[in-house]
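Below is one structure, written out as structure tokens; comments come after it.
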Amino acid sequence: KDIVYDDWSGILPKLERNYKNNRNVILIGPAGSGKSEAVNKFAELKGLPIYRIPGHQGVTMSQILGKTELRTDPATGKEVSVFVKGALPVSMENGGILILDELNSIPDEVMAGLNQALDVTNRKVYLGEAPTIDYDGTYKSHVGEIKARPTWFVVATINPPAGKDAEEGTEFLPKRMRDRMEIVTVGYPPENITEQIVIKSLLSVKDPKTGLPYAPNGLSPKQISDLEWALDKIKDLREKYRTQATGDVKISSEPSLRRAISFGIDILSGMSREDALRESVLNQYAEEGVENVEELSRLYGVLGKDKGE
């Protein structure tokens with residue numbers, strides 16, 4: 001909520017073009033590069049609701065399509081077997097935006113089950129005949145075939161593995177899935193744009209104790225200098241993540257834009273830049289093992305053993 005979306009790379013026009021053509025989209029880019037923010041902004045501009053399916057190896061088709069449960073019918077007071085619709089059919093009926101988070105974590109058999117709905121010439125799913133209940137508790141007589149409303153739009157997100165570009169990051173996808181979706185790459189903004197986004201975001205942040213903005217008159221020269229210092233460190237960490245070789249102390253993820261904003265909030269609240277870097281950026285790696293912490297300490301000299309262990 002503290003991130004101000006800045007469409008510096010033109011993601012919104014690409015979403016608009018595919019939306020008009022009933023073409024689903026895969027946004028592929030590192031964590032914290034603005035994929036979710038772009039979809040949220042697009043949904044806001046279109047006035048569409050968002051439905052989300054989190055990607056993980058344990059997700060099943062019943063979680064996506066829905067499942068049969070015993071419920072009490074409010075009209076009769078009797079227990080009845082009803083089909084509780086999942087995010088996919090509900091989003092299709094309501095013509096909202098369905099986000100498939102971390103598509104690369106969804107099992108192949110589940111992805112295969114999405115083909116019919118994602119086919120631009122089909123855009124429907126068949127759930128069989130049964131009493132049903134919607135998210136809002138409304139009872140209906142049967143399900144049958146559900147066809148997506150014209151405004152229905154599917155956006156998947158992928159975080160590519162370290163060292164992989166966009167095309168390599170989608171190699172795992174079944175061909176049918178790739179054919180049904182347009183790949184749109186999202187990267188981190190350049191340093192000058194990153195600084196502008198972070199500063200703009202910080203100007204809207206309020207002190208939770210007082211409810212007042214931390215920086216009603218803007219950031220001080222010292223705070224801007226500290227922010228630029230931190231962005232240099234974040235840039236170094238991203239470079240290390242992308243170029244790490246076998247035998248290196250591994251860094252499992254790149255510091256995101258959110259981390260830079262968290263750093264800014266910490267310095268606005270009075271932390272030193274070293275403590276702020278430790279708390280908002282470096283400590284995300286502390287759980288990866290002492291070797292990682294010691295490596296980061298050697299890189300920056302701000303994460304002592306008393307803080308990292």
Side-chain angles (χ1 to χ4, degrees), residues 1 15 18-19 22-27 35-37 39-158 173-174 176-177 179-181:
K1 63 181 178 181
L15 290 176
N18 285 282
Y19 173 75
N22 284 336
R23 177 81 169 168
N24 308 304
V25 169
I26 296 176
L27 294 180
K35 300 186 294 295
S36 294
E37 287 74 25
V39 182
N40 290 339
K41 186 64 177 179
F42 185 78
E44 177 189 324
L45 293 173
K46 292 294 181 182
L48 296 174
I50 289 178
Y51 304 86
R52 194 178 300 271
I53 296 174
H56 53 82
Q57 281 298 316
V59 70
T60 64
M61 281 307 297
S62 65
Q63 292 173 303
I64 293 174
L65 292 176
K67 59 183 178 179
T68 301
E69 295 181 1
L70 283 176
R71 295 290 181 91
T72 301
D73 188 334
T76 65
K78 296 180 179 179
E79 277 199 339
V80 293
S81 179
V82 297
F83 186 83
V84 182
K85 285 180 281 189
L88 175 63
V90 172
S91 68
M92 295 173 76
E93 285 184 318
N94 294 334
I97 296 178
L98 179 65
I99 300 177
L100 302 174
D101 271 329
E102 298 188 38
L103 183 64
N104 43 331
S105 297
I106 295 178
D108 291 347
E109 61 271 18
V110 175
M111 279 196 277
L114 295 170
N115 284 335
Q116 185 182 30
L118 297 181
D119 188 339
V120 294
T121 63
N122 195 345
R123 288 169 59 87
K124 59 187 176 183
V125 63
Y126 187 77
L127 300 178
E129 302 287 335
T132 66
I133 184 171
D134 281 341
Y135 281 177
D136 61 3
T138 303
Y139 281 77
K140 296 182 179 179
S141 60
H142 68 280
V143 182
E145 183 180 87
I146 293 177
K147 189 167 181 63
R149 293 179 62 181
T151 56
W152 187 58
F153 188 39
V154 178
V155 181
T157 67
I158 292 177
L173 289 174
R176 287 185 179 181
M177 180 67 73
D179 290 345
R180 284 165 169 75
M181 307 190 83

Rounded to the nearest 0.5 Å, what separates atom CD1 in Ile53 from atom CD1 in Ile64?
4.5 Å
Is there a side-chain contact between Leu100 and Thr157, using heavy atoms and a 4.5 Å cut-off?
no
Please determine which of Leu65, Leu88, Leu98 meets the side chain to side chain contact (heavy atoms under 4.5 Å, CB included) test together with Leu114.
Leu88
Min side-chain heavy-atom separation Asn22-Arg123 under 4.5 Å
yes
Would you name the heavy atoms of Asn115 and Arg180 that are closest together and state the gap between them?
O-NE, 3.1 Å
Minimum side-chain heavy-atom gap Lys78-Thr72 below 4.5 Å:
no
Closest heavy-atom contact between Ile97 and Phe42?
CD1-CD2, 3.9 Å
Do Val155 and Asn24 have side-chain heavy atoms sitting under 4.5 Å apart?
no
Chi angles and distances behind the side-chain contact (heavy atoms from CB on, under 4.5 Å) call for Ile158, Glu102
CA-CA 5 Å; Ile158 292 177; Glu102 298 188 38; over 6 Å; no
Do you know the tightest heavy-atom contact between Ser36 and Arg52?
OG-NH1, 4.2 Å
Tell me if the NZ atom of Lys41 is crowded by more than 12 foreign heavy atoms within 6.0 Å.
no
Exercise: identify the closest heavy-atom pair between Ser91 and Trp152:
OG-NE1, 2.9 Å
Check: Glu93 side chain, Val90 main-chain N or O, donor-acceptor pair, under 3.5 Å
no
For Gly96, is there any backbone N or O sitting under 3.5 Å from a side-chain donor or acceptor partner on Asn94?
no
If you count the non-hydrogen atoms of other residues, nucleotides and ligands that lie under 6.0 Å from NZ in Lys147, is the total more than 12?
yes
Restricting to non-hydrogen atoms, name the atom on Lys35 and the atom on Leu27 that form the minimum distance, rounded to 0.1 Å.
CD-O, 3.4 Å
To the nearest 0.5 Å, how far apart are CE in Met181 and CG in Leu103?
6.5 Å
Any heavy-atom pair between the side chains of Val154 and Leu118 that's under 4.5 Å?
yes
Below 4.5 Å, heavy atoms only, C-beta onward: do Val125 and Glu145 meet side chain to side chain?
no
Mind listing the closest non-hydrogen atom pair of Asn18 and Phe153 along with its distance?
C-CE1, 4.1 Å
